[in-house]
Amino acid sequence: MSGHSKWANIQHRKGRQDAKRSNVWTKLIREIIVAARLGGGDASANPRLRLAMLKARAANVPKDTVNNAILKGTGQLEVVNYAAIRYEGYGIGGAALMIDCTTDNRTRTVADVRHVLSKHGGNLGTDGSVSFMFKHQGYFLFAPGLSEDEVMEVGLEAGADDVIKDEDGSIEVVCDPQNFEALNEAFTAKGWTPEVAEVTWKSDSETVLSGEEGEKMQKLLDALDDLDDVSEVYTTAVIE
C-alpha cells in the first residue's frame with residue numbers, strides 16, 4: 001500500500017528538535033510528571049509513563065532528570081501542579097489540528113494557542129470539532145532502505161494493523177496502542193531503529209498542502225511547537 005511521503009516532514013521536525021533540545025526536554029519532563037501523577041511511578045504498571053520514559057531516553061534526557069520527574073509526579077518532591085488539556089482547531093486549507101498541552105495556567109495557555117493560530121491563519125475550534133477525525137494508534141516510521149516484505153512479516157506477527165510503503169521508500173507501521181510495546185520489542189530484536197516510535201493520534205483523512213499553503217502550514221506548526229506549554233500537535237495536514 002502506497003502513501004504520501006512523510007520523510008521530509010519528519011526530518012524537518014527532528015532537525016528543529018535537535019536545535020531546541022532544552023525546549024524538547026522541558027516538554028518531556030512535564031509529560032513524565034503528569035504520567036506519574038495520574039498512573040503512579042511504577043513504569044511496569046503505567047503505560048503512559050513507560051512511553052514518556054522511552055521518548056526521554058530517545059532524546060537523551062539524563063536518567064537523574066527522569067527519576068526526579070517521576071518523584072515530582074508521585075509527590076515525593078515539590079512540583080508545580082501541571083494539568084493536561086487539549087485544544088482543537090483548524091489550520092491552512094481547513095487542515096484539522098489537535099493540540100495537546102501540559103500547563104500550570106490554562107488562561108495563559110489558551111491565550112497563547114489562540115494567538116498563534118490567529119497570527120498564522122488558523123482558528124480555535126470547540127471541543128469535539130475535529131477529534132472524531134483521529135484514531136489513537138501506535139506508529140513507527142522507518143528510513144528508506146528496509147525491505148517492505150520483511151517489515152510486514154515481523155510487524156504483522158507482532159500485532160501491526162497495517163504496513164505502508166511511502167513514495168520515498170520509507171515505511172510506516174500502525175497498530176493498536178496496546179500492541180505498541182510488542183512491536184517495539186520485535187523491531188529492536190531485528191536491530192531496526194525507527195526514526196519515529198510513538199503512541200499518537202493519527203488522522204483518518206489527509207489535507208494535502210503544497211507551495212505557499214504548505215509553507216504557511218509549516219510555519220503554523222512550528223509556531224505551536226515553540227510554545228513551552230504545547231506537548232504534541234496532531235494534524236490532518238500532509239505538506240508536500
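Everything numeric here is computed off the predicted structure, so don't read it as measured data. Below, each value reflects all heavy atoms present in this structure, side chains not excepted, and no hydrogens, waters or symmetry copies.
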*Look at the side chain of Asp100 and the backbone N and O of Glu232, then say whether any donor-acceptor pair between them is shorter than 3.5 Å.*
no
_Parallel, tilted or perpendicular: ring planes of Trp192 versus Phe142, cut at 30 and 60 degrees_ = perpendicular
*Is the backbone of Val61 close enough, under 3.5 Å, to the side chain of Thr65 for a donor and an acceptor to pair up by distance?*
no
_Shortest non-hydrogen separation from Lys27 to Ser231 and the atoms involved_ = CD-CA, 4.3 Å
*Student check: side-chain heavy atoms of Leu97 and Tyr234 closer than 4.5 Å*: no
*asked:* I need the minimum non-hydrogen distance between Arg106 and Ala83, along with the two atoms involved.
replied: NH2-CB, 4.0 Å
*Is the side chain of Asp166 donor-acceptor paired with the backbone N or O of Asp168 at a distance under 3.5 Å, no angle test?*
no
*Hey, quick one: are Val130 and Leu224 part of the same hydrophobic cluster, counting side-chain heavy atoms closer than 4.5 Å, chains of contacts allowed?*
no
*Is Asp127 close to Ser129 at the side-chain level, that is, under 4.5 Å between some pair of heavy atoms?*
no
*asked:* Same cluster or not: Val233 versus Trp201, using hydrophobic residues (I, L, V, M, F, W, Y) connected whenever any side-chain heavy atoms lie under 4.5 Å apart?
replied: no
*asked:* Please report the interatomic distance CZ(Arg50) to CZ(Phe180), rounded to the nearest 0.5 Å.
replied: 10.5 Å
_Assess the residue pair Glu31 and Arg48 against the criterion (salt bridge (charged side-chain N to carboxylate O under 4.0 Å, His left out)); give the C-alpha distance rounded to whole Å, side-chain angles, the decisive distance to 0.1 Å, and a yes or no._
CA-CA 9 Å; Glu31 171 60 17; Arg48 181 169 177 172; 2.7 Å; yes
_Under 3.5 Å donor-acceptor, Thr236 side chain and Ala96 backbone_ = yes
*Does atom CD of Gln76 have more than 12 heavy-atom neighbours, drawn from other residues, nucleotides or ligands, at distances under 6.0 Å?*
yes
_Lys/Arg-Asp/Glu bridge criterion (N-O < 4.0 Å) met for Lys216, Glu212_ = yes
*Are any of the side-chain heavy atoms of Glu150 and Lys190 separated by less than 4.5 Å?*
yes
*Does a side-chain heavy-atom distance below 4.5 Å link Ile171 with Leu141?*
no
*asked:* So, using side chain to side chain contact (heavy atoms under 4.5 Å, CB included) as the criterion, who are the partners of Asp112 when residues are at least two apart?
replied: Arg108, Leu227
*Under a 4.5 Å cut-off applied to non-hydrogen side-chain atoms, are Met53 and Ile70 in contact?*
yes
*Are any non-hydrogen side-chain atoms of Val110 and Leu124 less than 4.5 angstrom apart?*
yes
*Please name the pair of heavy atoms, one in Ser170 and one in Pro144, separated by the smallest distance, quoted to 0.1 Å.*
N-CG, 3.7 Å
*Indicate if Phe134 and Leu220 have the same hydrophobic cluster label, given that clusters are the connected sets of ILVMFWY residues with side-chain heavy-atom separations under 4.5 angstrom.*
no
*Does a side-chain heavy-atom distance below 4.5 Å link Met98 with Arg86?*
yes
*Do Leu49 and Leu71 belong together in a cluster built from hydrophobic side chains that touch within less than 4.5 Å?*
no
*Which pair of heavy atoms, one from Leu183 and one from Gly155, lies closest together, and at what distance?*
CD2-O, 3.4 Å
*Per the side-chain hydrogen bond (donor to acceptor under 3.5 Å, both in side chains) rule, which among Asp104, Thr102, Asp229 passes with Arg30?*
Asp229
*Do you know which two heavy atoms are closest between Asn184 and Ala197, and how far apart they sit?*
OD1-CB, 4.3 Å
*asked:* Would a single hydrophobic cluster contain both Leu117 and Val230, if residues Ile, Leu, Val, Met, Phe, Trp and Tyr are joined by side-chain heavy-atom contacts under 4.5 Å?
replied: yes
*Mind telling me whether Phe140 and Phe187 have parallel, tilted or perpendicular rings, with 30° and 60° as the class edges?*
perpendicular
*Would Ser44 and Asp42 satisfy side chain to side chain donor-acceptor pair (under 3.5 Å), going step by step from the backbone distance to the final call?*
CA-CA 5 Å; Ser44 65; Asp42 180 2; 2.6 Å; yes
*State, to 0.1 Å, how close Gly128 and Glu88 come at their nearest heavy-atom pair, and which atoms those are.*
N-OE2, 2.9 Å
*Give a yes or no answer on whether the side chain of Asn179 reaches the backbone of Gly159 with a donor-acceptor pair at less than 3.5 Å.*
yes
